[in-house]
Each structure stands twice: as C-alpha cells, then as structure tokens.
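As the structure lists them, so they are numbered: ligands from 1, and atoms in each ligand from 1.
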Amino acid sequence: MTDSQRTLTVGLLGLGVVGSGVVQLLRDHAEEIAGRVGARLVVGPVVVRDPDKPREVAAELTTDLSAVVGAEGVDIVVEVMGGIDPARGLLADALAAGQSVVTANKELIATHGAELLAAAQERSVRLEYEAAVAGAIPIIKPMRESLAGDRVRKVLGILNGTTNYILTRMTEEGADLDPVLAEAQDLGYAEKPDPSADVDGHDAAAKAAILASLAFDAEVTRDQVFTEGIRGVTATDIANAERMGYVIKLLGIAEETEGPSGERQIGVRVHPAWVPAEHPLASVREAFNAIFVEAEGAGELMFYGRGAGSLPTASAVVGDVVTAARAHLAGEELPRVAISRKPIRPMDESIVQYYVLLDVVDRAGVLATVAATFGDNDVSIKSVWQEGSDDHAQLLLVTHAAREGNVQACVAALEGLSEVRRVASLMRVEGREV
Ligand code: NAP
Ligand code: HSE
C-alpha cells in the first residue's frame, strides 16, 4: 500500500466548541495533513450527549462511547468533552487498548496527568495535550522537546484570556471589576452565572500545574498550586500600579528554587501581580495569553497567542493528532520519561516583592510606626508614596523581595495598629527587582 492510500481514523469524544473546530480543520486541511503524515486522517465516530442538537459540522454522531473508546479501527482518540469524569476512565481505557489519545482537558491533565502518561508509556502510545495550556500557543512541545537540553528556571504566564480581558478593560477604562465582568460574561468570555473558574484563578492554576510538571520533570497537581483570583483587584490598585510604572496581570508562576537544606523545591502559584510596564508580559492585552520562560541556556523566551476559541484551540489539537499519527505509523517505542517527586515549596517560603496599600490616620509619627512594623517583621521597604485628605491618608508601600510568611505577619500586625484603619490591598510584584 502506498502512503497516500493509508488511512488512520480519528474518533472524537465531544463535538462542542473545540470538537467542531477539530473536525473542520481535519477536513479543510486534509490534503496538507496527508502529505505531512504520510497517510490520510479520516474523522470517524463522534460521541456526544445529545445527537439531535444542531451542529456546526456534520459527523457520524453516537452516544455509544464504545464506538470510539477501544473500538477496532479507531486509531486516535480526541477527547474534547471536558471534566474529570467520565473522561479519566475513558482515556485510561483507550490507552490500555493501544489507542493514542489527544486531549484539550487541562483539568484532567492537571489532576491525573501522571497516571495517564504512565498508561500511555505502558502501551507505547501517545498522550498529547498541547491545547490544554494556552489554546493555540505551542508551549507543551517547546518545553518537552525544544528545551529538553536546557534547564528552565522560571515560567511566568498569562494563562487565562478572560481575566486578561477584564484586567485590560479595567486598566484602559479606569473601571471597577463588576461592570467589566458583566461585559465579559455578555461577550461569552466568562461563564454565566458562575464565572469562578476564570475569575478565581482555577483555570489558570490547572495550566500552571501542567507547566510546572513539564518545566521541572515533576508531578505537580492542581491542588498544589497556591491560587488567588482577581476579585480583590480594584481600579485604585490599577491606578497605583500605573503611577509606579507597573500593570496588573493575573499570572501563573512556576519556579524551581533552593529549600532550607539546599534541596530543589518547586514553587507554583497563581495570583494577580504587578508587572513592570516594560516587561514583555505587560503588553499582552485583551483575551490573549502569553508564556514567558527563563531558561539557563536559552535565556528569556516568550510565547504569545490566542488561549481559547474554536479554531485556535483546534489548531493545537490537530497538531497533536499529526504527532500521534506519525508515531503510530513509525511504530516507535516511547522512551520512559523520569518523573521526580520534588517537594512543593510552601507559599509562606516564597520570596517576592509586595505592594501594600494602607488607609491610615494622618498624624505625626504614623509613618514611623508603620515603618517600624515592617522592620520588626524583617520586611524591607523599597518605596513609599502618601496621599492625604483631612485626617486620613493612603499609604502605598512597595517592599524589597521578602518572605511571604513575614509579609503576612506584618499585615496582621498592621491590622492591629490603631493608626491603621484598614489594609486596603496586598499584591505581589513580579519581574526583576531593580
Ligand atoms: P463544549 O463546547 O461544552 O463541548 C463539549 C462536548 O462534549 C459536547 O459536544 C458534549 O455533547 C460532549 N460531552 C460532554 N460530556 C459528555 C458525555 N458525558 N458523554 C458524551 N459527550 C459529552 O466544550 P469545549 O469548549 O469544546 O471544551 C472541550 C474541552 O476543551 C474542555 O476540556 C475545555 O477545558 C478544553 N478547552 C476549551 C477551550 C475553548 O476555547 N473552548 C480552550 C482550551 C481548552 P453535546 O454537544 O451533545 O452536549
Ligand atoms: N476560559 C479560558 C480562558 C479558556 O478564558 O482563557 C479555556 O481554558
């Protein structure tokens, strides 16, 4: 049989936003893909919940999962249904049956990725998940392959388009969160009625866990990621950041640092952060995503693009299908990948700069009392800015890099001072301290 006569069948679990895009690309680009793979990729059965629902694309619909999972004649399974169950068991069964699997499911990979990768290695089939982090942006393959000879030190990512859209609107319009969130929901970015997956940082945390696992050859799961969303970010915080030369972004951060006894530790966190206006991540606007990688040899790299949407996400899925198809045809044995169990650094041990906004009583000695509280907790102040009216003032402080635990103790002490009416805001500052 000549290469052009060979066919491989791709079965899908799900035909929603991403699944429809996958079918469209596999059909529209069929000739080019056949040339690149050395075989035609045909769309086989597609499992959905409701086969009577109107669809963007025509397909052989079924509700029978066994028409795809473990089915004779289906070579590659594309999982674009989402959620942990039943996807976890279905993918385990597909891998055990010797089918390669492509998934866009960040939640599943960030929770059970190691177990599924082990199942794939057991049968020497592929488990690919490029679309699970930052949609269209190629980041999984660059981390796993292009940077395999390097040592990644830190990854900083704008990993959620919805929150980046909201923060961009707040920054450019001076608006508060609530009206912009309502607009993001109307535009279909944030879920209605509950936008928490995006706004509370859960979506970004799953992606950060996947990036940390890849960057540091470790098993990092979503529940190990310190997660704080954007609900506390105000128009005042954004104006204060701008005044000091920063913009506020929701970042996913993964880094490898040295623990107290010299051991390697992984720090992984998601939270709003001040980013210097001149940092490449600061100019990432609207619903775009970007990932900034610092590696020992390569230096600084940035990957930018659309983190969601039907065709952007499908582009990454179909790229993975091509990878799986090539491996299938080559019959290659997959190398065992060593996954270590590096300890996760407790958030209290993180060393970061902070912005602190205080409402204080405006009278002699207050600044000295506040400064002494920072000093008592071993937190060094880098800059202070004060604006007063009548008998009260707003004190904005930016610290030098300090231990998170010390900063939290400092904030608790500040809250106990009669001179401090309230700690209005506490936010971390990223980028190199200058
Ligand atoms: P979606 O539009 O809600 O589509 C889900 C599809 O899966 C639907 O066709 C649904 O069937 C089917 N489905 C769900 N549960 C099922 C079950 N138990 N049995 C059979 N079929 C089932 O979701 P999506 O936006 O395409 O997202 C799919 C995956 O891609 C998720 O893991 C998501 O996190 C990830 N992802 C999405 C984007 C994006 O831009 N949307 C970006 C990156 C990653 P019915 O059509 O019959 O309801
Ligand atoms: N809801 C996500 C975002 C897209 O806003 O980036 C899917 O991961």
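- Heavy atoms of other residues, nucleotides or ligands lying less than 6.0 angstrom from CZ of Arg306 number 12 at most.
- Using a non-hydrogen distance threshold of 4.0 Å, Arg55 registers as a contact of ligand 1.
- Considering backbone and side-chain atoms together, Lys207 places an N or O closer than 3.5 Å to an N or O of ligand 2.
- For ligand 1, the atoms closer than 4.0 angstrom to any heavy atom of Leu15 are 6 (C), 8 (C), 9 (O).
- Considering backbone and side-chain atoms alike, Leu65 places every N or O at 3.5 Å or more from each N or O of ligand 1.
- Those atoms of ligand 1 that come under 4.0 Å of a heavy atom in Gly14, given as number and element, are 6 (C), 7 (O), 9 (O), 12 (C).
- For atom 25 (O) of ligand 1, the choice among Val17, Ile109, Asn105, Thr313 with the nearest heavy atom turns out to be Val17.
- Contacts between Ala131 and ligand 1 below 4.0 angstrom, taking non-hydrogen atoms only, involve the backbone exclusively.
- Using a 4.0 angstrom heavy-atom cutoff, Gly135 does not count as in contact with ligand 1.
- The side-chain heavy atoms of Val80 and Leu13, taken from C-beta on, include no pair separated by under 4.5 Å.
- When the options Lys106, Glu107, Lys207 are ranked by their closest heavy atom to atom 34 (O) of ligand 1, first place goes to Lys106.
- The residue from Arg306, Met81, Lys53 that puts a heavy atom closest to atom 16 (C) of ligand 1 is Met81.
- Residue Gly161 has at least one N or O atom closer than 3.5 Å to an N or O atom of ligand 2.
- Considering backbone and side-chain atoms together, Ser310 places no N or O closer than 3.5 Å to any N or O of ligand 1.
- Looking only at protein heavy atoms, the nearest one to atom 7 (C) of ligand 2 is Lys106 NZ, 3.2 Å.
- Judged by the 6.0 Å distance and 45° axis criteria, Arg243 is positioned over the aromatic ring of Trp385.
- Aromatic ring centres of His279 and Phe292 lie closer together than 6.0 Å.
- Counting protein heavy atoms only, atom 5 (O) of ligand 2 is closest to Thr162 OG1, 2.6 Å.
- In terms of polar-atom proximity, Asn289 is not counted as a contact of ligand 2, lacking any N or O under 3.5 Å from an N or O of the ligand.
- Ion pairing between a basic and an acidic side chain is recognised when a charged N comes within 4.0 Å of a carboxylate O; Arg269 and Glu228 show no such pairing.
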